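Below is one structure, written out as structure tokens; the observations come after it.
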Amino acid sequence: MGASRGPRLSGMQKQVLSLYRGFLRAARAKSAEDRQQIESLVSSEFRRNAKEVDRKNFLYIEYLLRRAKKQLDQLRSPDVVGLSALNVSFSQTKHPTN
């Protein structure tokens with residue numbers, strides 16, 4: 001058997017983890033105070049979405065991924081010092097009706 005490091009991840013799960021790591025890397029380039037604020041916000045947002053968003057709601061997850069990529073690009077700019085939380089709520093994030 002090959003050396004497995006846990007369950008196989010889907011492409012979308014890999015994208016989410018890559019974004020999370022990207023945010024943490026981008027936070028390293030900021031001041032210690034800003035870094036702590038960014039890491040805390042990123043961690044809480046990812047955990048909140050992991051709990052609240054239905055895993056089968058691919059359209060909403062793709063929307064969150066696009067929004068996060070834009071935020072990460074902004075955070076990588078040397079002129080940006082921090083992030084702010086944006087609470088977007090859709091009534092159908094848990095159970096979409098098709």
Side-chain angles (χ1 to χ4, degrees):
M1 278 200 235
S4 177
R5 289 190 254 171
R8 293 183 70 129
L9 300 175
S10 71
M12 199 171 286
Q13 288 171 320
K14 289 177 184 177
Q15 286 180 318
V16 170
L17 289 174
S18 175
L19 267 175
Y20 185 77
R21 288 190 301 266
F23 274 106
L24 297 182
R25 284 188 194 108
R28 288 185 207 147
K30 308 301 178 186
S31 71
E33 183 180 314
D34 291 333
R35 178 181 179 172
Q36 185 178 14
Q37 184 262 342
I38 291 167
E39 289 174 349
S40 174
L41 179 63
V42 167
S43 176
S44 66
E45 284 291 309
F46 273 78
R47 288 183 192 280
R48 183 179 61 82
N49 284 324
K51 289 179 184 176
E52 293 180 4
V53 176
D54 181 21
R55 292 173 189 246
K56 292 184 173 85
N57 192 347
F58 300 118
L59 289 176
Y60 185 61
I61 294 170
E62 288 171 352
Y63 160 75
L64 290 174
L65 284 169
R66 285 191 306 274
R67 192 180 86 188
K69 286 177 187 175
K70 289 178 185 177
Q71 287 178 323
L72 180 55
D73 289 341
Q74 289 175 344
L75 183 62
R76 287 180 175 150
S77 169
D79 299 329
V80 175
V81 294
L83 289 175
S84 63
L86 174 64
N87 292 328
V88 177
S89 62
F90 289 97
S91 60
Q92 298 179 352
T93 56
K94 278 275 193 191
H95 304 286
T97 56
N98 293 336

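In this chain, numbering begins with 1 at the start of the sequence shown. In this text, all values refer to a predicted model and were calculated from it rather than measured experimentally.
Atom CD1 of I38 and atom OG of S31 lie 7.5 Å apart (nearest 0.5 Å). Summarising the geometry, atom CZ belonging to R66 is positioned 12.5 Å from atom CG belonging to L19; distances are rounded to the nearest 0.5 Å. Rounded to the nearest 0.5 Å, atoms CZ (R47) and OH (Y20) are 6.0 Å apart. In this structure, CG in L72 is found 10.0 Å from CZ in R25, a value given to the nearest 0.5 Å. Rounded to the nearest 0.5 angstrom, L65 CG and F58 CZ are separated by 12.0 Å.
Taking hydrophobic clusters as Ile, Leu, Val, Met, Phe, Trp and Tyr residues chained together by side-chain heavy-atom distances below 4.5 Å, M12 does not share a cluster with L17.
R55 and I61 make their closest contact through O-CD1, 3.7 Å (heavy atoms, listed as atom of the first residue, atom of the second, distance). Heavy-atom minimum distance, L75 versus K30: O-NZ, 2.9 Å. Counting all heavy atoms, side chain and backbone alike, L9 lies closest to K14 at O-CE, 3.5 Å. What you find for Q13 and R8 is that their closest heavy atoms are OE1-O, 4.2 Å. For G22 against R76, the heavy-atom pair with the smallest separation is CA-NH2, 4.3 Å.
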- Evaluate side-chain contact (heavy atoms from CB on, under 4.5 Å) for E33 paired with Q37, printing each intermediate quantity in order. CA-CA 6 Å; E33 183 180 314; Q37 184 262 342; 6.0 Å; no
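Proximity of D54 to Y60: side-chain heavy atoms (C-beta onward) are nowhere separated by under 4.5 Å. Residues E62 and L59 meet the side-chain proximity criterion, which asks for heavy atoms closer than 4.5 Å. Counting heavy atoms from C-beta outward, F23 and L41 have side chains that stay 4.5 Å or more apart.
For the pair S40 (side chain) and Q36 (backbone), a donor-acceptor distance under 3.5 Å is absent.
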